[in-house]
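Each remark here refers to the structure printed beneath this line.
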Amino acid sequence: MTAGLRLGPLLRYVDWETASTATVWVEADRPCTALIRCADGASGSSPTFAVSGHHYALVVVTGLTPGSTTAYEVLLDDRRVWPPEDHRFPASTITTPPISTGGDKAGEGGEAGESGEDGGDAGQPTVRIAFGSCRWAAPPAGGHASVRSDPVGPDALDTLAARLAADPDAVRPDVLLLLGDQVYADETSRETRQRLAARRDLDDPPGAEVADYDEYTCLYDESWRDPEVRWLLSTVPSCMIFDDHDVIDDWNTSAAWLAEIRSTPWWNERIVSGLMSYWVYQHLGNLSPAELAADPLYAAVRATPDGTEEVRRFAAGADADPTLTRWSYRRIFGRVRLLMVDSRAARVLDEPRRAMIHPEEMRWLREEMSCGPGSSDHVLIGTSLPWLLPPLVHDAEQWSSALCRGERGGPDGRWARVGEYLRQRADLEHWAAFPDSFGQLTELIREVGSGPDAPATICVLSGDVHHAYIAEPTWPTGASHGAPEARVLQLTCSPVHNSIPGPLKAAFRFGWSRAGRGFGRLLARHGRTGTAPVQWHKSDGPWFGNQLMTLTLHGRKAALSLVQAKSNKTGPQLQTVFDRSLTNGEPSTSSQSTKR
């Protein structure tokens, strides 16, 4: 029998240094050789590798022309399987950046989004980075979710895909950052529950949640087979990082949480399968061709007819000891430096050493951010969990952390039990809940943003909290080290497709209010948490809805827009609710709509 395409293609990596190399991920339904053939003559091929009865290939495409867009097709054993015969979308394409002709750091020139033909930014390519998190798979509704069939409204990713497919001249993102909760292992859809019920009794733990690797593949099938999203991911490169729902809600909240869940009979298979599937479906595509070539696990899996045991051992080791692997990674887009940080699996949970990321990971982050004076115009830190939260939420997390470590009555006292209860029940496990890590990240951002060769902006890109906002820190006046020269921003955008209860909306709004700040100070006083190393204010937001942010970076200029997916009589559309320069000029907020 001939091989068929089960999932993909996903365009994952486009090399911005040579502008001639890319990677494309596919899943086939049997062993075969995958070939990517481009209209301009570029190509690449790879035999599939096997994990748990599934067959995958990550094809390195070489020979691409810098500064071009070329259509491509997928062949399995020389038979074309993509695009399908009845394909209703434009051709899937690979777009390469132009080779930069101006490497000097520029302070003058065109606005963000301009071509840069004149001024100090000439020769610097424009970089457009769209980002968001938290996406339930859209329910099937004739190929696209409608407001009638989707109780949480239209999917922002679906709606973006539909707009780009309908308008060949529309400006596309250069990369899509998916900042966690790409799949929901603990909140399955009706369709997935039916598939699970056909394999096992859902009355047995873990019930309607996924239990093993095969069931994880069902989640990716459901999410990435969506026609609009499938086409979008085939033509816009993507960077991904996990968050808790990719495994389970509140994953790695605390040592107490971990001890309790490890006592259940189903957890080991769940965590091992979750990390296995993440490595296959998400992490491999984050890596450059050079990193893939140097990866011993990737080499071992490709060298054996069935790599299941190799990947299982790797995943089990990664869970047992977070220092054994690094899920964090770096991407470079010209003079834009993106560091995607693992803020889930890299945690240290033992109370005396509690840290959001372990010391080796923090050392990596410091080295990557401090990569040389003047090397970047913009530094982006992608972390699924926000660094800067509504002040009341921040103070509540610091308070609960202080109680748990024994600031009131010792680590075994009543207040410590109260702190742990609240930490788990109220999801108090962001950067603020790891005070030492919060302080280290804050100081690192200040250091990198200081001095004459500092980048123009340092932006922390996050999701998780099911609303969007922009927060800006201010360093204390008279501080020994002073404020950074770079503009520092927390940019939070979620969900792509999910919901938030009304009471939580009110709580987040209250968290930003003057009264909320006052209540937070009372908690800080009770927990003896001390003074935060930095203060911050919400400069815009909060916005609630299914949404995506896009950063447009050109030279030393930066601009930000936020779009939300809305439904009207003509169907889903993207509505621009925020559009502003981050580095110069006055606000230019608009409420224009772009229809499908």
Side-chain angles (χ1 to χ4, degrees), residues 10-14 16 69 93-95 97 112-113 125-135 138 154-167 169-182 223-224 226 228-241 282 285-286 331 333-334 336 338 340 378 380-384 457 459-464 468-470 489-498 541 543 545-554 558-566 572-580 582 590 592 594 596:
L10 274 72
L11 175 60
R12 293 304 313 273
Y13 183 94
V14 173
W16 276 63
T69 296
T93 58
I94 302 174
T95 298
T126 298
V127 184
R128 297 178 179 87
I129 300 175
F131 62 96
S133 78
C134 307
R135 179 176 178 265
D155 183 332
L157 216 56
D158 258 359
T159 310
L160 172 65
R163 179 175 73 83
L164 295 179
D167 183 2
D169 296 324
V171 176
R172 296 181 181 180
D174 293 296
V175 66
L176 181 65
L177 270 57
L178 301 176
L179 293 165
D181 295 345
Q182 275 67 264
S223 185
W224 291 355
D226 176 303
E228 278 80 6
V229 168
R230 189 174 193 176
W231 174 79
L232 180 69
L233 294 179
S234 76
T235 202
V236 176
S238 54
C239 299
M240 305 181 189
I241 196 72
Q282 298 191 50
N286 293 329
R331 285 282 188 93
F333 306 96
V336 177
L338 168 66
M340 292 285 271
H378 305 275
L380 311 179
I381 304 172
T383 169
S384 62
T457 66
C459 296
V460 181
L461 314 181
S462 305
D464 179 71
Y469 60 87
I470 302 170
L489 295 167
Q490 168 71 65
L491 306 178
T492 303
C493 184
S494 93
V496 170
H497 182 239
N498 209 307
W543 298 283
N546 295 330
Q547 49 205 353
L548 287 166
M549 279 182 174
T550 299
L551 265 175
T552 301
L553 307 169
H554 180 75
L560 180 73
S561 65
L562 172 75
V563 295
Q564 292 184 335
K566 301 288 187 180
Q573 65 179 18
L574 291 179
Q575 181 179 10
T576 302
V577 296
F578 179 88
D579 190 1
R580 181 176 299 181
L582 299 179
S590 86
Q592 300 174 354
T594 306
R596 282 187 57 185

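If you take CG on L562 and CZ on R580, they are separated by 11.5 Å, rounding to the nearest 0.5 Å. Note that the CG atom of N286 and the CG atom of L178 stand 9.5 Å from one another [nearest 0.5 Å]. Annotation: the span from T159 atom OG1 to Q573 atom CD amounts to 9.5 Å, rounded to 0.5 Å. Rounding to the nearest 0.5 Å gives a distance of 6.5 Å between CG of L582 and CD1 of I470. To the nearest 0.5 angstrom, T550 atom OG1 is 9.5 Å from I129 atom CD1.
Residues L380 and L551 have side chains in contact (heavy-atom distance under 4.5 Å, counting atoms from C-beta outward). Contact check for V460 versus T383: side-chain heavy atoms found under the 4.5 Å cut-off. A heavy-atom distance below 4.5 Å is not found between the side chains of L11 and S238. Side-chain contact check for M240 versus L10: some heavy-atom pair is nearer than 4.5 Å. Using a 4.5 Å heavy-atom cutoff, the side chains of L177 and L461 are in contact. Side-chain contact check for V175 versus F131: every heavy-atom pair is 4.5 Å or farther apart.
Q547 places a side-chain N or O within donor-acceptor distance of the main-chain N or O of S494, the cut-off being under 3.5 Å. Judged purely by atom type and a 3.5 angstrom limit, N546 uses its side chain to pair as donor or acceptor with the backbone of P154. Using a distance-only test at 3.5 Å, with no hydrogens or angles considered, a donor-acceptor pair links the side chain of Q182 to the main chain of I241. A donor-acceptor distance shorter than 3.5 angstrom exists from the side chain of D174 to the backbone of R128, with no hydrogens or angles considered.
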Which is it for L548 and V496 under the side-chain contact (heavy atoms from CB on, under 4.5 Å) test, yes or no, and what are the steps along the way?
-> CA-CA 6 Å; L548 287 166; V496 170; 3.9 Å; yes
Going through the distances and angles, do V127 and T552 end up as a side-chain contact (heavy atoms from CB on, under 4.5 Å)?
-> CA-CA 6 Å; V127 184; T552 301; over 6 Å; no
Let me see the working for M549 and S561 under side-chain contact (heavy atoms from CB on, under 4.5 Å), right down to the final yes or no.
-> CA-CA 6 Å; M549 279 182 174; S561 65; over 6 Å; no
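Remark: D464 pairs with H430 by the side-chain hydrogen bond (donor to acceptor under 3.5 Å, both in side chains) rule, at least two apart or across chains. Checked against ring-ring contact (aromatic ring centres under 6.0 Å, His included), F333 has the following partners two or more places apart in sequence or in another chain: W16. With sequence neighbours left out, W224 forms a ring-ring contact (aromatic ring centres under 6.0 Å, His included) with W25, Y220. Under the side chain to side chain contact (heavy atoms under 4.5 Å, CB included) criterion, V236 pairs with P173, L176, L232, sequence neighbours left out. The side chain to side chain contact (heavy atoms under 4.5 Å, CB included) search around R172 returns T93, L164, W231, T235, not counting sequence neighbours. Taking the salt bridge (Lys or Arg N to Asp or Glu O under 4.0 Å) definition, one finds that R12 meets it with nothing, sequence neighbours left out. For the side chain to side chain contact (heavy atoms under 4.5 Å, CB included) test, residues two or more places apart in sequence or in another chain that qualify with S384 are D243, S343. Residues that satisfy the side chain to side chain contact (heavy atoms under 4.5 Å, CB included) test with T492, not counting sequence neighbours, are P386, S462, V465, Y469, Q490. Applying the side-chain hydrogen bond (donor to acceptor under 3.5 Å, both in side chains) rule to T95 yields the partners T69; only residues at least two apart in sequence or on another chain are considered.
Look at D155 and R135 and you find a salt bridge, because one of the NZ, NE, NH1 or NH2 atoms lies within 4.0 Å of a carboxylate O, short of that distance. Ion pair D158/R230 not flagged as a salt bridge, since none of the NZ, NE, NH1 or NH2 atoms sits closer than 4.0 Å to an Asp/Glu carboxylate oxygen.
Across all their heavy atoms, A161 and E228 have their closest contact at CB-O, 3.3 Å. Closest approach of A565 to A156, counting heavy atoms only: CB-CA, 3.8 Å. For P495 against N498, the heavy-atom pair with the smallest separation is CB-CB, 3.5 Å. Across all non-hydrogen atoms, the minimal contact from G180 to S133 is O-CB, 3.6 Å. For C239 against L338, the heavy-atom pair with the smallest separation is SG-CD2, 4.2 Å.
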